[in-house]
Each structure stands twice: as C-alpha cells, then as structure tokens.
Amino acid sequence: MTQPAFGRRVTRWYAGAARDLPWRAADVSPWGVLVSEAMLQQTPVARVRPAWLAWMSRWPSPAALAAAPAGEAVRAWGRLGYPRRALRLHAAATAIVERHGGAVPSSVEDLQALPGVGNYTAAAVAAFAFGASTAVLDTNVRRVYARVFDGVANATGTPTASERTAALERLPAVDAPTYSVAVMELGAVVCVARSPKCTSCPVRSDCRWLASGRPAPEVARRGQSYVGTDRQARGRLLGVLRESVEPVAAAALDVVWHDPAQRARALDGLVADGLVEPLADGRYRLPA
DNA sequence: TATGCGTGGCC
DNA sequence: TGGCCAAGCAT
C-alpha cells in the first residue's frame, strides 16, 4: 500500500468515526489544546474529559492560570496522576505570559521550550492548534506504523531519529493535522495495544502485521510494580495535602505511610520537586 | 538511553 | 489476581 493510500483511507475512516471530544471543538483555543495535551500525557481520555472541562472553565487563559498559586493547579489536577504535570503546566502558563505576552506560541521551538512540553506535545499543539505540518509521534501513531508498515506488534523504546524521519515523510502535502489526528485515533480505538479490532480497520487489507498472523510482541522488561514504591508513598502524601485546604501537621502524613524512612524520603522528594511546601511551624501544604 | 514519576480500569 | 496499559517528560 502506498503512503498516500494509507493516508486517504485512515482520514476517510476518521471522518466517520472520530470521537466527540471537547478539546476537538472548532472554537477551542491553543491554550485549550495545550491543556488537553498535558492532561493526556499518560492519562486515559475518559478521565481527562471532566478534568479538562473544569480546568478550562476555571482558567480559560494562560494568564488566568498564571495568576493562581501553583498549589491550586496541583489541587485541581486531582487524581489524574503525575502531579508534576500540573506544576509544569502552571510554569508553562507563567512562561507564556512572560515571554509571549500571554499567547500560546505557535512554533515547535518556542513550544518545546515550555516546561512539560516535549517533542510530542510541541508537535501536537503546533499541528492541532495552529495547523502546522509537524510529525505527531505518540504511542498510538508509533504502534499503527509498527504494525502496518513494519509488521511488528509494537514500537519499542523511545522514538529513534529514523522513526521521526519516516514519520515526517509520511505526512501528506495537504491537511497534515487531520491526517495526524486520524492516525492517532485509529491507534486509540481500533489498533489498540491489546485485542485490536482488526475486522473494523480501514487498512486491514494491507497491514503487514495482520498479514503475518499478528505475531506477539517481544517480551519487554517489566517495570517496577507499584505497591510499596516511593511513587505510591508520594501519591498518598500528596493526596492528604490535596484534600486539605489548611496546611497539615506531620502527624497527618504519618498515618498514611507506615515506613518512616520511606515516608521521609518521599516527602523530601515532593518538596524537592516543588509539589509540597514545608512551613516554619513544621506543617506542610501545597505550594503557594 | 534507562529510569522515575500517579492513578485506575481492564481481562 | 496482578500485570498491562493509557495523546510523555525530564534527567
């Protein structure tokens, strides 16, 4: 299958299958796109949807968020996970006000210079908010390409330079953003990691992976389990602070994590990350 | 480049 | 049941 044929089929499929997501509405601002991309980093769409709506209602512009305490961003982030993203989004809003007059920048270079904005997010905002022809290479796109063109179950590791080059070369000459969101959507709802729905795939007749019998992925090293880790301890501690409007005493943190050494290490880490602020009286709070 | 970083749903 | 997975980033 030629690349243009792949693009046409996926784009046509998207026209009839796209999910109705609030950040895809025609009148959404670049800020709204940026907020959605930050929230969607490793968090499923279903959980982002209500959080994005509440966030945009409260802070409809970078300036609005920048005027709020960073801790309020962390609190509003709720249980989306990876709360450092909330802190970085707040820092990004501040940088947008200071460096760009309050308007989300449109160039990939300026976007990627913002806290919490990496290669993917910069490309996505440039494409979806500003119509740029950037290669949007997220986990969905990588998986679709790996299967259709390489015949393997998954892309592995971090994106390589050759992968980025190939992704750029695959962009159509016209309306690259729609192509990109269409490939992402295919990966998100059809060409999913487990139990892909190949019978409803628009490119099933030309997928190398399907043609070779959907070979299983290579066994990857499994990461650390979650229970008992510093990560879980951090989550517990921050959860206490998130739920309390007032600063909390150390004793209130002691009760949510039994191991004192690990608790102290986790708390130190949160303070070092700027997610928690120790007060002179020994209490703790979200950052002002 | 490998690792640490939250949270919850799924099979 | 518990490992896998979800529109990554920073170091």
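Sequence lines set the chain letters: A, B, ... in the order given, protein chains first and strands last, and positions in each chain run from 1.
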Trainee: When we call it a touch if two heavy atoms are under 4.0 Å apart, what does A/Arg84 touch: a base, just sugar-phosphate, or nothing?
Mentor: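 If one applies the 4.0 Å heavy-atom cut-off, A/Arg84 turns out to touch a base.
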Trainee: Within the 4.0 Å heavy-atom criterion, would you say A/Ala46 contacts the bases, only the backbone, or no part of the nucleic acid?
Mentor: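 If one applies the 4.0 Å heavy-atom cut-off, A/Ala46 turns out to touch nothing in the nucleic acid.
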Trainee: Could you check how far CZ of A/Arg265 sits from P of B/dG4, rounded to whole Å?
Mentor: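 After rounding, the gap between these two atoms is 12 Å.
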Trainee: Rounded to whole Å, please give me the gap between CH2 in A/Trp77 and P in B/dT7.
Mentor: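 Answer to the nearest Å: 12 Å.
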Trainee: Do the side chains of A/Arg79 and A/Arg242 get nearer than 4.5 Å, heavy atoms only?
Mentor: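 Yes. Closest side-chain heavy atoms under 4.5 Å.
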Trainee: Ignoring hydrogens and geometry beyond distance, is a side-chain donor-acceptor pair present between A/Tyr14 and A/Arg9 at under 3.5 Å?
Mentor: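 Looking only at side-chain atoms, A/Arg9 and A/Tyr14 do not form any donor-acceptor pair under 3.5 Å.
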Trainee: Given side chains that start at C-beta, do those of A/Phe130 and A/Val125 come closer than 4.5 Å, heavy atoms only?
Mentor: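 Yes. Closest side-chain heavy atoms under 4.5 Å.
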Trainee: Could you tell me whether A/Arg214 atom CZ has more than 12 heavy atoms of other residues or ligands within 6.0 Å of it?
Mentor: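 Buried by this count: over 12 neighbours within 6.0 Å.
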Trainee: Report which part of the nucleic acid A/Ser36 touches: base, sugar-phosphate, or nothing (heavy-atom distance under 4.0 Å, all strands).
Mentor: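 Touches nothing.
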Trainee: Just how far, in rounded Å, is P of C/dG8 from CZ of A/Arg142?
Mentor: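 Those two atoms, CZ and P, are 10 Å apart.
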Trainee: May I ask you to verify whether the side chain of A/Thr43 and the base of B/dG8 hold a donor-acceptor pair under 3.5 Å?
Mentor: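 Looking at the base of B/dG8, it does not pair with any donor or acceptor on the side chain of A/Thr43 (distance under 3.5 Å).
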Trainee: With DNA chain C as reference, determine whether A/Pro217 or A/Pro115 sits nearer its 5' end, using the nearest nucleotide of each.
Mentor: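 Of the two residues, A/Pro217 wins.
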Trainee: Tell me which nucleotide among B/dT7, C/dG8, C/dA10 gets nearest to the side chain of A/Arg47.
Mentor: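 From the listed options, B/dT7 comes nearest.
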Trainee: Tell me whether the OP1 or OP2 atom of B/dC5 has a side-chain N or O from A/Arg88 closer than 4.0 Å.
Mentor: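 Indeed not, no polar side-chain atom of A/Arg88 lies that close.
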Trainee: Please state the C1' separation for the pair B/dG8 and C/dA10 - nearest whole angstrom.
Mentor: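 Result for the C1' pair: 24 Å, nearest Å.
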Trainee: Nearest to the side chain of A/Tyr120, heavy atoms from C-beta on, is which of C/dA6, C/dG8, B/dC5?
Mentor: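 Nearest to the side chain of A/Tyr120 among the choices is C/dG8.
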Trainee: C/dC9 phosphate, OP1 or OP2: any side-chain N/O from A/Arg85 under 4.0 angstrom?
Mentor: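 False: A/Arg85 side-chain N/O out of range (4.0 Å or more) of C/dC9 OP1/OP2.
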Trainee: Nearest nucleotide by nearest heavy atom, which residue falls closer to the 5' end of DNA chain B, A/Ser195 or A/Thr158?
Mentor: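 The answer here is A/Thr158.
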Trainee: Using a heavy-atom cut-off of 4.0 Å across all strands, would you classify A/Val117 as base, sugar-phosphate, or nothing?
Mentor: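 Here A/Val117 touches the backbone only, sparing every base.
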Trainee: Can you find a donor-acceptor N/O pair under 3.5 angstrom joining the side chain of A/Arg194 to the base of C/dC4?
Mentor: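 When only heavy-atom distances are counted, A/Arg194 does reach the base of C/dC4 through a donor-acceptor pair under 3.5 Å.
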Trainee: Starting at atom CD of A/Gln42, determine the distance to atom C1' of B/dC5, rounded to an integer number of angstrom.
Mentor: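 It works out to 10 Å between those atoms.
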Trainee: If you check every side-chain atom of A/Arg234, which of C/dA7, B/dG8, B/dG6 has the closest atom?
Mentor: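 The listed nucleotide nearest to A/Arg234's side chain is B/dG6.
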Trainee: For C/dC5 and A/Thr139 - does any side-chain N or O of the residue sit under 4.0 Å from the phosphate oxygens OP1/OP2?
Mentor: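 No.
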Trainee: Rounding to a whole Å, what distance do you find between A/Gln112:CD and C/dT11:C1'?
Mentor: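 After rounding, the gap between these two atoms is 15 Å.
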Trainee: Under 4.0 Å between any heavy atoms, over every strand shown, what does A/Leu80 touch: base, sugar-phosphate, or nothing? Just pick one.
Mentor: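 Here A/Leu80 touches the bases of the nucleic acid.
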Trainee: Scan A/Ala124 against the nucleic acid and name what it touches under 4.0 Å (heavy atoms): base, sugar-phosphate only, or nothing.
Mentor: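 Nothing: the residue A/Ala124, judged by heavy atoms under 4.0 Å, touches no strand.
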Trainee: Considering only heavy atoms and no angle criterion, is a donor-acceptor pair shorter than 3.5 Å present between the side chain of A/Arg231 and the base of B/dG4?
Mentor: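 Side chain to base: no pair below 3.5 Å.
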Trainee: How close or far is atom C1' of B/dT7 from atom CZ of A/Arg236, stated in whole angstroms?
Mentor: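 Spelled out: CZ on A/Arg236 to C1' on B/dT7 is 13 Å.
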Trainee: Side-chain N or O of A/Tyr226 versus OP1/OP2 of C/dG3: is the shortest distance under 4.0 Å?
Mentor: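 Checking C/dG3 against A/Tyr226, no side-chain N or O comes under 4.0 Å of OP1 or OP2.
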Trainee: Under 4.0 Å, heavy atoms only, any strand: does A/Leu21 hit a base, just the sugar-phosphate, or nothing?
Mentor: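 The answer is base, as A/Leu21 lies within the cut-off (heavy atoms under 4.0 Å) of a base atom.
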Trainee: Write down the distance separating the P atoms in B/dG4 and C/dC4, rounded off to the nearest Å.
Mentor: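 Straight-line distance between the two P atoms is 16 Å.
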Trainee: For a quick check of understanding: with a heavy-atom distance under 4.0 Å over all strands, which category does A/Gly118 fall into, base, sugar-phosphate or nothing?
Mentor: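 A/Gly118: backbone/sugar contact only, no base atoms under 4.0 Å.
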Trainee: Round to a whole Å and report the spacing from OH of A/Tyr82 to P of B/dG4.
Mentor: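 It is 11 Å, rounded to the nearest whole Å.
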Trainee: Side-chain donor-acceptor pair under 3.5 Å between A/Tyr145 and A/Glu163, yes or no?
Mentor: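 Side chains of A/Tyr145 and A/Glu163: no pair found under 3.5 Å.
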Trainee: Does the pair A/Arg234/A/Asp273 count as a salt bridge with the N-to-O cut at 4.0 Å?
Mentor: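 A/Asp273 and A/Arg234: salt-bridged.
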Trainee: What interatomic distance, in whole Å, is found between P of C/dA7 and the corresponding atom of B/dC11?
Mentor: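 Straight-line distance between the two P atoms is 16 Å.
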Trainee: Please check if any side-chain donor atom of A/Arg164 sits under 3.5 Å from a side-chain acceptor atom of A/Asn119, or the reverse.
Mentor: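 Looking only at side-chain atoms, A/Asn119 and A/Arg164 do form a donor-acceptor pair, the distance falling under 3.5 Å.
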Trainee: Look at all strands and tell whether A/Asp273 reaches a base, only sugar-phosphate, or nothing, counting heavy atoms closer than 4.0 Å.
Mentor: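 No contact.
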Trainee: Classify the nucleic acid contact of A/Arg19 as base, sugar-phosphate or nothing, counting any heavy atom under 4.0 Å across all strands shown.
Mentor: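 It contacts base atoms.
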Trainee: Nearest-Å distance, CG (A/Leu40) to C1' (C/dA7)?
Mentor: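 It is 5 Å, rounded to the nearest whole Å.
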